[in-house]
Student: 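Before I ask anything, here is the structure I am working with.
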Amino acid sequence: MLMGLLNYWIVVVLMMSGLYIVIAHGNLIKKLVGLTIFQTSVFIFYISMAKIEGGSAPILADDITVYSNPLPHVLILTAIVVGIATTALGLSLVVRIKEAYGCIEEEEIQQQDNDQQAESKAEEVA
Amino acid sequence: MLIAAIIAIFVAMILSIFRGVVGTTLYDRILAVNMFGTKTVLLIALLGFVMGRPEFLDIAIVYALINFISVIGVLRYSDTNQFKHTATDNETVKKES
Amino acid sequence: MDIVITISSGFFLLMGSFLCFSGGIGLLRFPDFYTRMHAVGVTDTLGAGMILVGLMILSTDFLVFAKLVMVLLLTLLIGPTTSHVLAKAAFHNGLMPRGLSTLEQDNNKVYSTSNP
Amino acid sequence: MVVVAIAIIRMKDLFAVVMLAGIYGLLSASFFVAMDAVDVAFTEAAVGAGISTLLMLVVITMTGRDEKATRHKPLSALLIVTVTGGLLIYGTLDMPYFGSADAPIHNHISPRYINDSMQEIGVPNIVTSVLASYRAFDTFGEVVVIFTAGIGVLAMLSVGRRKEDDEEIASINDSMHEQHLVIRIVAKMLIPFIFLFALYVQFHGDFGPGGGFQAGVIFAAAIILYTMLFGLSTARKVINQTFIRLIAAIGVLLYGCVGIVSLANGGNFFDYNVLASDAIAGQHLGILLIEWGVGCTVAAVMIIIFFNFAGRRELYQHNKHSQNKESS
């Protein structure tokens, strides 16, 4: 019972720590790291589902009869490369935000936005 | 024998993770990452032999290469980063050590 | 013949794992960065080499042997290089070894200003 | 892994966070090896431990290392996280046990892949045959996603550059590189080897772990190493920007064309059986071409992404430098 589900529980803990970083931290780079952790936990979930006790890697050989499930491997392989591409896109957004606002903390950015809105409203009124 | 080696490497990996978490200075962390990478190469080679599928060695080669590249990259960027604001960073480094 | 292979590979593997293990202990217990780096840099290269030689003795396939040789060459080339670069970067950025006098710190300042 | 993840939560210094993320990538990759997912471990090693760490570092050098202490509503966040985690753990109670062979996912479609792929495709590595032949349409989608991400980064970060700026940056770089003599020589020895290894991975993907995705990333890693050691402007001279953009597009086109050719020959989209007179030979040809397309696109997009980040960073440092000059 304990060993049977331990893997999934570790996945849940990792996933939740990633989620916590995304929710609770204001720094945008830290948020991206949190997203990466979340992503990796999903990968681990898929891969541990694919494992069969006593099985071997899914490369056909003569003297092996039990193979792990190859399908999740395919899905995750492409997902990893797509993951790095999206992370790079997110990082490039962070760079642009830094150039536009001068900081990468979420709250400061919001504050600057609010200030700007208030200014423009004041101008409209005037 | 293989199992004993795997266990020893595993313990060394745990120790290096510990150093990476505790850290104190930046360079300790880089060192921990580097050592962790080498240990992973060995672990994978050994795992390949234990499982009876030595094709895994390809992965070990990739690990060695990528480890090298990432350590070089880290040093390259941490280097220039600190050159830019030398004064403040040096002070913090000295305080920590 | 069989027993020779087993014993010699076992010897190499055990030596290698002992070295790796002591490297880990050194990384954790030594007082400052440079001594830690000494512990890791020395034991890592030799320990990895030992384990790979042990595996080489065990391997039966030529391709596997060739790949192991490749990994061995890579570690021999890469390990010392990274240690060197790491120490150099740390020293350049003003991380002093523990227990150096102020005189030497002054020397270091001269050194680092002459190499911007 | 849990320890590392929690340490990442607690850490303020972003540099340390990125280092730990690197360790985390290596750890998850060794986990994948232990779980028999060799191809996945291959990719994760090259991507998670290598390139993503580097990209994050480049960004950190631009945005600063320290994180602000303020966290908004940590308590409510903790509450949400605990409740969701509890629900998920409750959900796992119904999961089949880890490693059991009669779990639902092992019964549906994978027996066919495992038993028949040798006769139908003729490639020993099942992951490759599923990736490139059975589910080629999915993979096409993934490649297009990567291509789009490359375009996005280009649109976001590419800078128009003036020539005098370039020269000044190059001179700054040269003075910096004088120090790195040892690594330069070692890297000169290694880079051809890495290229060779990338090609080996590309062509050996049918028989062992490997394939287009991995080969592309390794190829890009070699060029990234070169860029880091010899400076961006030198690397730009070696690899033409326009050319590399062209390669990225050509990879996607090659992939699509294989599908269209098979359509024109009277089969389905991505049905390689009709590419050659013999079905197995057709499959081999199709997989080879498709892996080439994937490899080209992935390598080119990774190089584009890295060049643009590094270019931004140099411009940033250059601006900072000239500001310092003016103020002093």
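Letters go in sequence order (proteins before strands), and every chain restarts at 1. From a predicted model like this one, the values you see are computed outputs, not experimental measurements.
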Student: Looking at C:Val85, C:Ile78, C:Leu86, which one forms a side-chain contact (heavy atoms from CB on, under 4.5 Å) with C:Thr82?
Tutor: C:Ile78
Student: Counting only non-hydrogen atoms closer than 4.5 Å, does C:Ile51 touch chain B with its backbone (N, CA, C, O), its side chain (CB onward), both, or neither?
Tutor: side chain
Student: If we define contacts as heavy-atom pairs under 4.5 Å, which of B:Phe10, B:Phe68, B:Tyr63 has the most with chain C?
Tutor: B:Phe68
Student: Mark yes or no for whether B:Arg19, through its side chain, and C:Leu28, through its backbone, hold a donor-acceptor pair below 3.5 Å.
Tutor: yes
Student: Given a strict heavy-atom distance threshold of 4.5 Å, which part of C:Met70 is in contact with chain B: side chain, backbone, both, or neither?
Tutor: side chain
Student: Less than 4.5 Å to any heavy atom of chain B: does that hold for the side chain of C:Leu77, its backbone, both, or neither?
Tutor: neither
Student: Hey, mind stepping through B:Asp58 and C:Lys67 against salt bridge (Lys or Arg N to Asp or Glu O under 4.0 Å) and telling me if it holds?
Tutor: CA-CA 8 Å; B:Asp58 284 354; C:Lys67 279 179 190 166; 3.2 Å; yes
Student: Of the backbone (N, CA, C, O) and the side chain (C-beta and beyond), which part of B:Leu31 lies under 4.5 Å from a heavy atom of chain C, both, or neither?
Tutor: both
Student: Do side-chain atoms of C:Asp44 reach the backbone of B:Thr38 as a donor and acceptor pair under 3.5 angstrom?
Tutor: no
Student: Under the side chain to side chain contact (heavy atoms under 4.5 Å, CB included) rule, what do C:Leu68 and C:Leu72 come out as? Steps first, then yes or no, please.
Tutor: CA-CA 6 Å; C:Leu68 279 171; C:Leu72 181 63; over 6 Å; no
Student: Counting heavy-atom pairs closer than 4.5 Å to chain B, which one of C:Leu27, C:Val71, C:Ile25, C:Thr45 comes out on top?
Tutor: C:Leu27
Student: Can you tell which of C:Thr81, C:Leu63, C:Leu55 has the highest number of heavy-atom pairs within less than 4.5 Å of chain B?
Tutor: C:Leu55
Student: Quick one: which of C:Thr43, C:Leu13, C:Leu52 has the most heavy-atom pairs under 4.5 Å with chain B, could you say?
Tutor: C:Leu13
Student: Please classify the contact of C:Leu74 with chain B as side chain, backbone, both or neither, using a heavy-atom distance under 4.5 Å.
Tutor: side chain
Student: Does any backbone or side-chain atom of C:Ser59 lie under 4.5 Å from a heavy atom of chain B? Answer side chain, backbone, both or neither.
Tutor: both
Student: Between B:Leu42 and C:Cys20, is a side chain to side chain contact (heavy atoms under 4.5 Å, CB included) present by the stated rule, with each step listed?
Tutor: CA-CA 10 Å; B:Leu42 294 179; C:Cys20 287; 4.0 Å; yes
Student: Which bit of B:Ile7 is near chain C, if near means a heavy-atom gap under 4.5 Å: side chain, backbone, both or neither?
Tutor: neither
Student: Where do C:Thr75 and C:Ala48 come nearest, in terms of heavy atoms and distance?
Tutor: CG2-CB, 4.4 Å
Student: Side chain, backbone, both or neither: which part of C:Leu14 has an atom under 4.5 Å from a heavy atom of chain B?
Tutor: side chain
Student: Would you name the heavy atoms of C:Ile57 and C:Ser8 that are closest together and state the gap between them?
Tutor: CG2-OG, 3.8 Å
